[in-house]
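Here the structure comes first, spelled out in structure tokens, and everything after it is commentary.
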Amino acid sequence: MSVCGDDVATALALYEWNISLCQVLLKDLSHFEVALRNAYDRALDGYWHGSAHWLFDSDSPVRRPIMRRNAGGNTVDVNRLNRKQIQIATGSLSQPATPDCVVSNLTLGFWAHMTDRSHERDLWIPVIHCVWPRGTNRKDLHRKIQSVNALRNRVAHHEHLFNPGDADLSPARVDEMVVGLFRELCPEAAEWAYMNSGMTPVTRFIDQCPPPAQVAL
């Protein structure tokens with residue numbers, strides 16, 4: 001209402017427009033999230049040769065304690081949240097907790113965590129960098145995936161995507177990141193999904209269906 005000058009009809013139209021924008025963006029996010037988790041799972045499965053799958057082996061680089069000093073000067077185990085998320089994903093299953101079932105129940109945030117600075121030595125250098133094109137900068141990649149994850153959460157919680165207040169959360173900008181990252185992960189799948197279109201789906205949507213009120217995108 002505040003964006004639309006208290007005009008009810010325009011506010012309702014903007015609300016419906018935002019839902020449609022979320023639908024377009026969610027499709028691209030789905031392509032990327034599935035591609036990311038499958039690529040990371042394949043890489044880790046090929047790398048880890050412990051007594052159990054890398055999700056369940058207490059010695060795997062995703063589960064074993066990795067102690068790092070945080071910004072506050074305290075020493076913390078950066079895999080603590082990983083173990084907790086795996087436990088939650090496993091506990092939510094009614095069927096036996098096979099690796100494939102757990103992988104599909106883990107959040108995007110779990111996978112995004114694998115490119116952060118605290119996992120550079122244990123995950124990025126030996127394993128995860130192989131998933132991405134040669135010369136990929138971990139820090140830049142992690143920043144992009146964080147932005148993608150943040151906007152995905154906004155979509156999942158039905159928040160407004162316009163006037164994001166942070167350029168990194170612009171739906172048009174993030175969708176460009178999503179499509180670009182998907183092309184790097186799965187070139188053939190991206191060719192099938194996007195057919196070398198000059199516009200991302202979000203940019204095309206905004207061009208064809210402009211918002212009913214003056215908003216920043």
Side-chain angles (χ1 to χ4, degrees), residues 1-41 81-82 84-94 100-116 141-183 185-186 189-190 193-194 197 199-217:
M1 289 289 287
S2 61
V3 171
C4 299
D6 292 328
D7 182 81
V8 175
T10 304
L12 287 171
L14 181 60
Y15 184 85
E16 289 296 313
W17 178 88
N18 188 75
I19 291 175
S20 296
L21 175 60
C22 286
Q23 290 175 320
V24 174
L25 188 56
L26 186 59
K27 182 178 180 180
D28 291 344
L29 288 165
S30 298
H31 285 322
F32 170 69
E33 185 168 350
V34 171
L36 184 74
R37 74 189 190 198
N38 287 348
Y40 282 13
D41 177 45
L81 290 179
N82 283 354
K84 183 176 181 179
Q85 287 198 43
I86 293 169
Q87 181 182 11
I88 292 171
T90 301
S92 68
L93 297 170
S94 56
D100 285 348
C101 288
V102 175
V103 163
S104 65
N105 274 272
L106 290 165
T107 66
L108 178 56
F110 175 87
W111 307 104
H113 194 42
M114 293 188 180
T115 48
D116 65 19
L141 174 65
H142 184 62
R143 177 184 56 78
K144 289 179 181 179
I145 296 177
Q146 279 187 309
S147 294
V148 171
N149 188 43
L151 193 65
R152 179 204 178 281
N153 290 340
R154 290 182 67 85
V155 171
H157 291 280
H158 318 298
E159 299 182 43
H160 69 79
L161 304 186
F162 54 84
N163 298 346
D166 182 347
D168 285 341
L169 296 181
S170 159
R173 181 174 179 179
V174 171
D175 195 48
E176 185 177 358
M177 291 180 191
V178 168
V179 173
L181 293 171
F182 183 53
R183 289 189 188 280
L185 281 173
C186 301
Y194 300 113
S197 173
M199 302 175 73
T200 66
V202 164
T203 302
R204 186 182 303 111
F205 170 80
I206 294 172
D207 182 65
Q208 296 175 352
C209 304
Q214 189 68 34
V215 293
L217 298 169

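All heavy atoms count here, side chains included; hydrogens, waters and symmetry mates do not.
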Within-4.5 Å side-chain heavy-atom neighbours: Leu141 and Leu181: yes
Side-chain donor or acceptor of Arg154 paired with backbone N/O of Glu159 under 3.5 Å: no
Any donor-acceptor N/O pair, Ser92 side chain to Ala89 backbone, under 3.5 Å: yes
Over all atoms of both residues, closest heavy-atom pair of Val179 and Pro201: CG2-CD, 4.2 Å
CG on Leu106 to OG1 on Thr90, rounded to 0.5 Å: 7.5 Å
The single option from Leu161, Thr200, Val155 passing side chain to side chain contact (heavy atoms under 4.5 Å, CB included) against Pro171: Leu161
Interatomic spacing from CG in Asn105 to CG in Asp100 - rounded to 0.5 Å: 11.5 Å
Exam field: side chain Ser170 to backbone Ala167, donor-acceptor pair closer than 3.5 Å: no
Whether over 12 other heavy atoms sit under 6.0 Å from Gln87 CD: no
Closest contact, heavy atoms only, Pro212 versus Ala13: CG-C, 3.6 Å
Pairwise side-chain contact, Arg204 with Asp207, heavy-atom cut-off 4.5 Å (strictly under): no
Minimal non-hydrogen separation, Val202 against Val24, with atom names: N-CG1, 3.9 Å
Inter-residue atom distance Cys22.SG - Leu151.CG, 0.5 Å rounding: 8.0 Å
Close side-chain approach of Ile145 to Trp111, heavy-atom, < 4.5 Å: no
Non-hydrogen side-chain atoms of Leu108 and Val148 separated by less than 4.5 Å: yes
Steps toward side chain to side chain contact (heavy atoms under 4.5 Å, CB included) verdict (Glu16, Leu12): CA-CA 6 Å; Glu16 289 296 313; Leu12 287 171; 5.8 Å; no
Close side-chain approach of Arg183 to Tyr194, heavy-atom, < 4.5 Å: yes
Min side-chain heavy-atom separation Val3-Leu14 under 4.5 Å: yes
4.5 Å side-chain heavy-atom contact, Ser147 and Met177: yes
Closest heavy-atom pair and its distance - Leu29, Arg152: CD1-CA, 3.8 Å
Rounded distance [0.5 Å steps], NE2 in His142 versus CG in Asn149: 9.5 Å
Atom pair CG/CD of Leu169 and Gln146 - distance to nearest 0.5 Å: 11.0 Å
Least distance between heavy atoms, Cys186 atom then Ala35 atom: SG-CB, 3.8 Å
Neighbour count above 12 (heavy atom, 6.0 Å) for Gln85 CD: yes
Distance, nearest 0.5 Å, that separates CG of Leu81 from CD1 of Ile86: 11.0 Å
Nearest heavy-atom neighbours spanning Val102 and Leu93: CG2-CD1, 4.0 Å
Under 3.5 Å donor-acceptor, Ser30 side chain and Leu26 backbone: yes
Test item: Thr115 and Tyr40 side chains (from C-beta on) under 4.5 Å apart, heavy atoms: yes
Under 3.5 Å: donor-acceptor pair, side chain of Asn163, backbone of Ala216: yes
N/O donor-acceptor pair under 3.5 Å between Trp17 side chain and Cys209 backbone: yes
Side chains of Asp28 and His31, donor plus acceptor under 3.5 Å: no
